[in-house]
Trainee: 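Input: one structure, supplied below.
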Amino acid sequence: MKILKTLNNNVIVSVKDDEEVIVMGRGIAFNKKAGDDINENQVDKIFTLEDENITTKLKR
C-alpha cells in the first residue's frame with residue numbers, strides 16, 4: 001500500500017482494492033511522506049467505508 005496522505009505518525013490514508021482506507025499502526029508514517037510504501041507488518045487496523053450513503057447523510 002502507498003501513502004496518499006499522512007494524518008499523524010500513527011494514521012495514514014491509503015488505497016486498497018480501489019477503495020480509500022484509513023490505516024492505523026504504531027509509527028506507520030514516521031519519517032514517511034505521500035507516495036511512500038508502508039510496511040504491512042506495522043498495520044494494526046484498516047478502516048473502510050461500507051455504506052457510501054453515509055457521506056450524504058453527514059453533509060446535511
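Numbering of residues begins at 1 and proceeds along the displayed sequence. The model shown is predicted, which means the values in this text are computed figures rather than measured ones.
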Trainee: Among the clusters formed by ILVMFWY side chains lying less than 4.5 Å apart, do I22 and I28 turn up in the same one?
Mentor: no

Trainee: Between V11 and I46, is there shared hydrophobic-cluster membership here, with clusters defined by ILVMFWY side-chain heavy atoms closer than 4.5 Å?
Mentor: no

Trainee: Under the side-chain hydrogen bond (donor to acceptor under 3.5 Å, both in side chains) definition, can you give me all pairs with a residue in residues 1-27, not counting sequence neighbours?
Mentor: K2-D37

Trainee: Please enumerate all residues that pass side chain to side chain contact (heavy atoms under 4.5 Å, CB included) together with K45, with sequence neighbours excluded.
Mentor: M24, F47

Trainee: Are V21 and V13 connected in a single hydrophobic cluster, I mean Ile/Leu/Val/Met/Phe/Trp/Tyr linked by side-chain heavy atoms less than 4.5 Å apart?
Mentor: no

Trainee: Show your reasoning for whether side chain to side chain contact (heavy atoms under 4.5 Å, CB included) applies to I38 and V43.
Mentor: CA-CA 9 Å; I38 59 169; V43 174; 4.2 Å; yes

Trainee: Going by the rule side chain to side chain contact (heavy atoms under 4.5 Å, CB included), which residues pair with E40 if we only count those two or more places apart in sequence or in a different chain?
Mentor: M1

